[in-house]
Amino acid sequence: GPYWLNWGAHVLAGPGTSTDRLLNEVGITAVTVPGSLQALSMNGKFLDRGRIETYPFRIPMSWADRLALMKAGAKVGGAVLSKYTKVVKQRPGESGAARQQRIYDFENNRTFRDYLGDLPPDAAAMLRTTVSRSGGEPHEISAGCGIGYFSLVLNIGEGLGRGIVGGPSTLTEAIAVALGDRVRLGADVQEIVHKSDSVVVRYRHGGVDHEVEARTVVLATTAGVAHRVAVDLPEDVREALAHVRYGPHVSSAFLTDETAPQKWDDIYAITTPKRSFAVALNQASIVRAQESTRQPGGSLMTFAPAHLGIALLDKTDEEVAETHLRDLDEALGGGVADLVVESHVSRWAEGSPYCFPGRGGLQPALTRRGSRVFLAGDFLGTLYTETAITTGFAAAEQAMSVVSTGHRCEPQEC
């Protein structure tokens, strides 16, 4: 039918970004995600209306938690408005690499928990649920990362607020169609090594070892895979790759068969502190916005990052789906479990790379050019899919430069 199931990327960057450029080149339609992004279910209360500043007074919690939450919210919000927006703003004539380095260096010498101080349980749970979506916990991520993530989810400055009509895999499927048989699936790359004017890729496919030689390689993998296969990259680059940190993701997707309107029809995201997932996402919201009459069915996604993902990584798919569905049913006030006709689970031990104290020190090595292997991936920046696409474009341009001119830039030139 018209609904897609989703386990991963669900919101993307908007006009003027690398993501926008790629979508336009491939012919993929993306729209601003409709529906509220600020719904909250906590301590038996469901909120989907009103200013978020009022939530501490409307959610059942102690006055100590309310006061702590107000102070922490004011501190983070003030930092976003007075500092972070200036940090992320592109400066005239500035390279993207210089801007990204500045973002990494912002409040990069302490953790987000150290920045906020100790908080009572409910206040800590609410803030933790938001920032843990970055992949790391408050005691793991840098203070700048925590502040930046609040900026991201609140769409202050550069937010991620568009969804792909038909679901995110529509993009990768369209790219694969354009590439045709140049895409080789199921190939296990074992080693990438340099020659004087080329690069050799050794891989195994269909039980047979293969070797291919090219003038350049774009290595678009997680940092750990890049470290493992690119065996002769400069030692400081390999060292930096080895120190990139990831948090896990465990996600569930549920197809529903309701025939009547539901309370979440005009909501996109529901934050769920103290549950087995951090946020529930209405993947049918784009479909809902295009309807003149509410049609049957829907699609919901639950997302468990960081500590929530760790708790579920070793569970069976059935156990994860049951756990998530039970909590989803309670978070939305009951009745959801009866509507689910299909459920699927996906998990990644290395889901999202997160910025930790000291992460800024790795960036110069990771972004320095000087070999014929060009790195691309979300671990090279702070905007997730936008970073992956931006670095993909940059790596492709570097590769094209080498192919067209035959000149490889030396480290001091790049």
Side-chain angles (χ1 to χ4, degrees), residues 1-15 17 19-20 23 28-42 46-52 55 129-130 133 152-156 159-172 249 251-272 275 277-305 324-325 327-329 331-344 346 384-386:
Y3 308 108
W4 53 88
L5 298 177
N6 193 15
W7 300 268
H10 57 100
V11 284
L12 300 102
T17 63
T19 301
D20 188 48
L23 294 174
I28 295 297
T29 301
V31 298
T32 300
V33 172
S36 169
L37 300 173
Q38 298 178 349
L40 172 68
S41 177
M42 182 177 180
F46 183 86
L47 300 176
D48 63 339
R49 296 290 185 274
R51 296 179 63 86
I52 59 174
Y55 284 12
T129 300
T130 297
R133 292 184 227 168
L152 195 66
V153 299
L154 295 173
N155 281 318
I156 300 172
L160 305 177
R162 288 204 301 174
I164 293 176
V165 177
S169 62
T170 304
L171 172 60
T172 48
H249 293 174
S251 301
S252 300
F254 301 100
L255 191 68
T256 58
D257 67 351
E258 70 270 16
T259 57
Q262 301 296 320
K263 66 192 299 183
W264 57 86
D265 280 352
D266 60 352
I267 299 171
Y268 179 69
I270 305 164
T271 301
T272 54
R275 297 287 182 184
F277 51 86
V279 63
L281 300 157
N282 176 15
Q283 294 299 296
S285 66
I286 292 176
V287 177
R288 294 281 87 87
Q290 297 173 339
E291 295 173 335
S292 56
T293 303
R294 210 284 191 188
Q295 298 299 306
S299 174
L300 297 167
M301 167 187 170
T302 51
F303 173 56
H324 277 190
L325 185 55
D327 271 355
L328 183 63
D329 194 69
L332 294 177
V336 181
D338 296 331
L339 304 176
V340 172
V341 293
E342 194 174 328
S343 61
H344 299 273
S346 282
Y384 305 97
T385 48
E386 170 65 8

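Nothing fancy with the numbering, it's 1 onward along the sequence.
- A heavy-atom distance below 4.5 Å is found between the side chains of V11 and Y268.
- For the pair T19 and Y384, the minimum side-chain heavy-atom distance is 4.5 Å or more.
- Within the structure, the ring pair (Phe, Tyr, Trp, His ring centres under 6.0 Å) test picks out no pair touching residues 279-300 (sequence neighbours left out).
- Between the side chain of T32 and the backbone N or O of R162 there is no donor-acceptor pair closer than 3.5 Å.
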- Message: Please determine whether side chain to side chain contact (heavy atoms under 4.5 Å, CB included) holds for the pair F254 and H324, giving the CA-CA distance in whole Å, both sets of side-chain angles, and the decisive distance to 0.1 Å.
- Response: CA-CA 10 Å; F254 301 100; H324 277 190; 4.1 Å; yes

- Message: Using side chain to side chain contact (heavy atoms under 4.5 Å, CB included), reason through L171 and L23 one step at a time and then give a plain yes or no.
- Response: CA-CA 7 Å; L171 172 60; L23 294 174; 4.0 Å; yes

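- For the atom pair OG1 of T271 and CD1 of I52, the computed distance is 9.5 Å after rounding to the nearest 0.5 Å.
- Closest non-hydrogen pair, T272 versus A331, comes out as CG2-CB, 4.2 Å.
- In this structure, CG on L5 lies 5.5 Å from CG on L255, to the nearest 0.5 angstrom.
- Across S299 and W4, no two heavy atoms sit closer than the pair OG-O, 2.8 Å.
- With hydrogens and angles ignored, the 3.5 Å screen pairs no side-chain donor or acceptor of N282 with any backbone N or O of A269.
- For the pair Q262 and R288, the minimum side-chain heavy-atom distance is 4.5 Å or more.
- Between V336 and L300 the shortest side-chain heavy-atom distance falls below 4.5 Å.
- Proximity of a side-chain donor or acceptor of N6 to a complementary backbone N or O of A9 within less than 3.5 Å is detected.
- Distance check: D329 CG to D338 CG gives 7.0 Å after rounding to the nearest 0.5 Å.
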- Query: After noting the C-alpha distance and the side-chain angles of Y3 and Q295, does the key distance pass the side chain to side chain contact (heavy atoms under 4.5 Å, CB included) rule?
  - Reply: CA-CA 11 Å; Y3 308 108; Q295 298 299 306; 4.2 Å; yes

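- Minimum heavy-atom separation, S285 to P34: O-CG, 3.2 Å.
- Scored by the side chain to side chain donor-acceptor pair (under 3.5 Å) test, Q290 finds no partners at all (sequence neighbours excluded).
- Heavy-atom minimum distance, D20 versus G14: CB-O, 3.4 Å.
- D257 is not listed as a side-chain neighbour of P296, based on a closest heavy-atom distance of 4.5 Å or more.
- Checking side-chain atoms of W7 against main-chain N and O of H344 turns up a donor-acceptor pair under 3.5 Å.
- Under a 3.5 Å cut-off, the side chain of T256 and the backbone N or O of G298 do form a donor-acceptor pair.
- Remark: side-chain polar atoms of S346 are not paired, donor with acceptor, to backbone N or O of S251 under 3.5 angstrom.
- Atom CD1 of I267 is separated from atom CG of D48 by 4.0 Å, given to the nearest 0.5 angstrom.
- With S252 contributing its side chain and S343 its backbone, the two residues share no donor-acceptor pair below 3.5 Å.
- Between S36 atom OG and I270 atom CD1 the span is 8.5 Å, to the nearest 0.5 Å.
- Minimum interatomic distance between E386 and A13 (heavy atoms only, all atoms of both residues): OE1-CB, 3.6 Å.
- Counting heavy atoms from C-beta outward, K263 and F46 have side chains that approach closer than 4.5 Å.
- Judged by distance alone, the side chain of Q38 and the main-chain N or O of R51 form no donor-acceptor pair under 3.5 Å.
- Residues A260 and R294 share a closest heavy-atom pair of O-CZ, 3.8 Å.
- In this structure, OH on Y55 lies 13.0 Å from CE on M42, to the nearest 0.5 angstrom.
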